[in-house]
Participant: 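My structure is below; once you've seen it, I'll send some questions.
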Amino acid sequence: MAKHWWQEVVVYQIYPRSFKDSNGDGVGDIRGIIEKLDYLEKLGIGAIWLSPVYQSPNDDNGYDISNYRSIMDEFGSMEDMDKLIAEADKRDIKVIMDLVVNHTSDEHQWFIEAKKGKDNPYRDYYIWKDPSENGGPPNDLTSMFSGSAWEFDEASGQYYLHLFSKKQPDLNWKNEEMRQSIYDMMNFWIDKGIGGFRMDVIDLIGKVPEEKILTNGPKLHDYLQEMHEATFGNHDLLTVGETMAVTPQTAKLYSNPSRKELSMVFQFQHVGLDKQKGKEKWDLKSIDIAELKEVLVKWQTELDGQSWNSLFWNNHDQPRIVSRWGNDQEYRVESAKMLAILLHMMKGTPYIYQGEEIGATGTPFSDISEIKDIESINMYHERLAEGYAKEEIIASINAKGRDNSRRPIPWNASRNGGFTSGTPWIALNENYKEINVEAALNNPNSVFYTYQKLIQLRKDHPIMVWGDFELVDTVDEVFSYYRMYNGERWLIVTNFSNEEQFFSSKEEIEEIIIQNTSDRVTTLKDITLQPWQAFVAKIK
């Protein structure tokens, strides 16, 4: 594979609504991000993945776009956006735009036109079907946000498709004119100097709803290759696709450079391991570390140098990993550092979600009235009607709900954590006086400095970027592997548990590269690993 800048950097995801509010309206904004660029430069990241800031009625927190070439008023202006790109560039940080092209808002001008009648030139930009013989929806496809995926339009007597909220009608990618409009819009952003795109639910754009084919439709890769040629293929940009149903084999269809589609994809097999097989994400089970190792190792080894990997624990749709799979009570700092070391030492581009670098925890909700996320709210009412106990539903939302990671970033211990001088759009975690950025920066042993060191190690040591991966055979709770490059070998050892674990190797240590405990590791023979202990040893 040719080498690219996006293989060598660490990407930091910003959920702008919750990052930093500059004007006191309780909502984070672009100027707030600009204020904190020096902090991100200190952390060392090379790119920001910016969740959507486009104009939107905000039915799904900005993932329902009403104008791709305009900025949501709450977030600022296009001048602010231009300044963010320029100021980030001065610090060697690229801005990756989050792009939603599977659907728009129902308030997008295209859909407003499309609803005017079957003869409107924009009608075919969306997916319309006649009712079934019984007068109901065309078929039984369901929305990701509960209920039917079809919404009846009385004026025309047809249904339109919405795989998410009914305010998010799906675009019809079979329409060539619509595709060209999308590509023109993408080039508008590329011309502004952005570093690439994160492509929301991109594996849905080839859907064939009448045949109930949603992911990986027959024309999907044709569309992506056409997009590549018309837009980012002429530049060295990072393009990462959110792919709901992908395997290492199908990942190569998206991200093998010879196919000219995307840089990499996000796969979700590992973060889905705590749900019961064949059920929804809300139906929980305990994480099995042996299963987790199997999935992560598969993605490390089966791309065969033909495609590039993405590495992540958290994002705006996932719960805080230290609360879900770590131990955010007795071992918050140790488990947060262990999870960081385990992930960043693997092969691929690491992604950090805002707050992860300070060991931010999830926040339990006690009542549905505290919840803002449409997915959780819809699920709550649906399951309540099905007879589930309220306590059981709230427990599932506390474990996997999206608001968990969307609470504002606490910058210090002052009122509202310094996030806003107004009333936050959603409450901060109650522990913000203890867990905040200022406290992390003032503590040399904080989670922040482990992330900072991992990012610097990546810049200084090609083995972290390009080294081969090899699993070490251990007990389930010990996750250990080698990285090997140009005759150099690093051994990564982590204890993924609350208990002491045994580890032994005949290898000899030349140097300890990084560790998450103060106890110095001097030998690899017959070690008792402390709960959540992690270290990286350069081998003689």
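Along the sequence shown, residues carry numbers from 1.
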Participant: Looking at Asp283 and Lys281, is there a salt bridge between them, counting it only when a charged N and a carboxylate O are closer than 4.0 Å?
Facilitator: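 The answer is no: the pair does not qualify as a salt bridge.
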Participant: Answer yes or no: are there more than 12 heavy-atom neighbours, outside Asp82 itself, under 6.0 Å from its atom CG?
Facilitator: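 Correct, the count exceeds 12.
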Participant: Strictly by modelled atom types, are His4 and Asp236 linked by a side-chain donor-acceptor pair under 3.5 Å?
Facilitator: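 Yes, side-chain donor-acceptor contact under 3.5 Å.
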Participant: Between atom CG of Leu237 and atom NE2 of His228, what is the distance when rounded to the nearest 0.5 Å?
Facilitator: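 Interatomic distance, Leu237 CG to His228 NE2, rounded to 0.5 Å: 9.5 Å.
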Participant: Should Tyr122 and Tyr125 be marked as a ring pair (Phe, Tyr, Trp, His ring centres under 6.0 Å) after you check the CA-CA gap, both sets of side-chain angles, and the distance that decides it?
Facilitator: CA-CA 5 Å; Tyr122 289 93; Tyr125 273 39; 4.9 Å; yes
Participant: What I want to check is whether the side chains of Asn495 and Gln530 have a donor and an acceptor closer together than 3.5 Å.
Facilitator: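 No, no side-chain donor-acceptor pair sits under 3.5 Å.
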Participant: Return yes if a side-chain donor-acceptor contact under 3.5 Å exists between Ser70 and Gln55, otherwise no.
Facilitator: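 Yes, Gln55 and Ser70 have a side-chain donor paired with an acceptor closer than 3.5 Å.
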Participant: Do Lys36's NZ or CZ and the ring of Trp411 fall within the cation-pi criteria of under 6.0 Å and 45°?
Facilitator: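 Positive - Lys36 is close enough to the ring of Trp411 and near enough to its axis.
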Participant: Quick one: does any side-chain atom of Ser396 pair with a main-chain N or O of Trp282 as donor and acceptor, under 3.5 Å?
Facilitator: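 Checked: pair present.
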Participant: Would Arg17 pass as a cation-pi partner of Trp425, given that its NZ or CZ must be under 6.0 Å from the six-membered ring centre and within 45 degrees of the axis?
Facilitator: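 Yes, a cation-pi geometry holds between Arg17 and Trp425.
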Participant: Can you confirm whether Lys459 is buried at NZ, in the sense that more than 12 heavy atoms of other residues, nucleotides or ligands lie under 6.0 Å from that atom?
Facilitator: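 For Lys459, atom NZ is crowded (more than 12 foreign heavy atoms under 6.0 Å).
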Participant: Ring centroids only, cut at 6.0 angstrom: are His316 and Tyr63 within range, meaning strictly under it?
Facilitator: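 Centroid separation for His316 and Tyr63: below 6.0 Å.
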Participant: Does Asp73 CG have over 12 foreign heavy atoms under 6.0 Å away?
Facilitator: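 Open.
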Participant: Side chains of Thr361 and Asn431: donor-acceptor distance under 3.5 Å anywhere?
Facilitator: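 Asn431 and Thr361 do have a side-chain donor-acceptor pair below 3.5 Å.
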Participant: Would you please say whether a donor-acceptor pair under 3.5 Å links the side chains of Ser165 and Asp60?
Facilitator: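 No, because no side-chain N or O of Ser165 sits under 3.5 Å from a partner of the opposite role on Asp60.
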Participant: For Glu430, does the CD atom sit with more than 12 other heavy atoms under 6.0 Å from it, leaving out its own atoms?
Facilitator: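 Not more than 12 within 6.0 Å, no.
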Participant: Do the charged groups of Lys400 and Asp274 touch, with an N to O distance under 4.0 Å?
Facilitator: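 Yes, this pair counts.
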Participant: What distance separates Ile435 CD1 from Ser446 OG, expressed to the nearest 0.5 Å?
Facilitator: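 If I round to the nearest 0.5 Å, the distance is 11.5 Å.
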Participant: Given side-chain contact (heavy atoms from CB on, under 4.5 Å), test Tyr388 with Glu382 step by step and report yes or no.
Facilitator: CA-CA 9 Å; Tyr388 285 76; Glu382 190 176 76; over 6 Å; no
Participant: Do you see a donor-acceptor pair shorter than 3.5 Å between the side chains of Asn436 and Asn412?
Facilitator: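 There is no such pair (donor and acceptor under 3.5 Å, judged by atom type) between the side chains of Asn436 and Asn412.
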Participant: Is it the case that the ring center of Tyr183 lies less than 6.0 angstrom away from the ring center of Phe188?
Facilitator: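 No - the distance between ring centres of Phe188 and Tyr183 does not fall below the 6.0 Å cut-off.
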Participant: Side-chain donor-acceptor pair under 3.5 Å between Asn315 and Gln13, yes or no?
Facilitator: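 Judged by distance alone, the side chains do not pair up.
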Participant: Please identify which of these residues, Phe266, Tyr351, Trp299, Tyr353, meets the ring pair (Phe, Tyr, Trp, His ring centres under 6.0 Å) condition with Phe312.
Facilitator: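 Option passing the ring pair (Phe, Tyr, Trp, His ring centres under 6.0 Å) with Phe312: Phe266.
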Participant: Could you tell me whether a side-chain N or O of Thr243 sits under 3.5 Å from a main-chain N or O of Asp203, the two making a donor and an acceptor?
Facilitator: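 No; judged by distance alone, with no hydrogens or angles, the pair does not exist.
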Participant: Can Arg407 be said to sit on top of Phe365's aromatic six-ring, NZ or CZ under 6.0 Å from centre and within 45° of the ring axis?
Facilitator: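 Positive - Arg407 is close enough to the ring of Phe365 and near enough to its axis.
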Participant: Testing Tyr126, Tyr54, Trp110, Tyr68 for side-chain hydrogen bond (donor to acceptor under 3.5 Å, both in side chains) with Thr104, which one passes?
Facilitator: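 That would be Tyr126.
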Participant: Got a salt bridge between Glu41 and Lys90, using NZ or NE/NH1/NH2 to carboxylate O under 4.0 Å?
Facilitator: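 Salt bridge absent between Glu41 and Lys90.
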Participant: Which value, rounded to the nearest 0.5 Å, describes the distance between Ile426 atom CD1 and Asn61 atom CG?
Facilitator: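 Going from the CD1 atom of Ile426 to the CG atom of Asn61 covers 8.5 Å.
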Participant: For the aromatic rings, using the six-membered ring if either is Trp, is the centroid distance between Tyr39 and Tyr12 under 6.0 Å?
Facilitator: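 Centroid separation for Tyr39 and Tyr12: 6.0 Å or greater.
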Participant: Distance to the ring centre below 6.0 angstrom and angle to the axis at most 45 degrees; does that hold for Lys337 and Trp532?
Facilitator: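 So Lys337 doesn't make the cation-pi contact.
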Participant: If I take atom CE from residue Met379 and atom CD from residue Glu280, how far apart are they, to the nearest 0.5 angstrom?
Facilitator: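 One gets 8.0 Å once the value is rounded to the nearest 0.5 Å.
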Participant: Write down the atom of Asn309, the atom of Lys347, and the distance for their closest heavy-atom approach.
Facilitator: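 That closest heavy-atom pairing would be CB-O, 3.5 Å.
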Participant: Is the number of heavy atoms from other residues, nucleotides or ligands within 6.0 Å of NZ (Lys275) greater than 12?
Facilitator: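 Check passes, neighbour count above 12.
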Participant: Hey, could you give me the CD/CG distance between Glu35 and Asp21, rounded to the nearest 0.5 Å?
Facilitator: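 Answer for the CD-CG pair, Glu35 versus Asp21, is 9.0 Å.
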Participant: Shortest non-hydrogen contact from Arg458 to Val10?
Facilitator: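 For Arg458 and Val10, the tightest heavy-atom pair comes out as CD-CG2, 3.7 Å.
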Participant: Look at Asp403 together with Lys372 and state whether they make a salt bridge at an N to O cut-off of under 4.0 Å.
Facilitator: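 Looking at Lys372 together with Asp403, the answer is no, because their closest N to O distance does not fall below 4.0 Å.
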Participant: Measure up the Trp313 and Trp325 rings against each other and bin them: parallel (under 30°), tilted (30 to 60°), perpendicular (over 60°).
Facilitator: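 Perpendicular, since the angle between the ring planes exceeds 60°.
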Participant: Between Tyr451 and His344, does the ring centre distance come in under 6.0 Å?
Facilitator: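 When the ring centroids of Tyr451 and His344 are compared, they turn out to be within the sub-6.0 Å range.
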Participant: Can you give me the closest heavy-atom contact between Gln329 and Asn327, atom names plus distance?
Facilitator: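 Nearest heavy atoms, Gln329 then Asn327: N-OD1, 2.9 Å.
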Participant: Closest heavy-atom contact between Ile397 and Asn404?
Facilitator: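 Closest pair (atom of Ile397, atom of Asn404, distance): O-ND2, 3.6 Å.
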Participant: I'd like to know if the side chain of Asn378 and the backbone of Ser146 have a donor-acceptor N/O pair within less than 3.5 Å.
Facilitator: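 Checking the backbone N and O of Ser146 against the side chain of Asn378, no donor-acceptor pair under 3.5 Å is found.
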Participant: Decide, yes or no, whether a salt bridge links Arg31 with Glu87 under the criterion of side-chain N to carboxylate O below 4.0 Å.
Facilitator: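 Looking at Arg31 and Glu87, the cut-off is not met.
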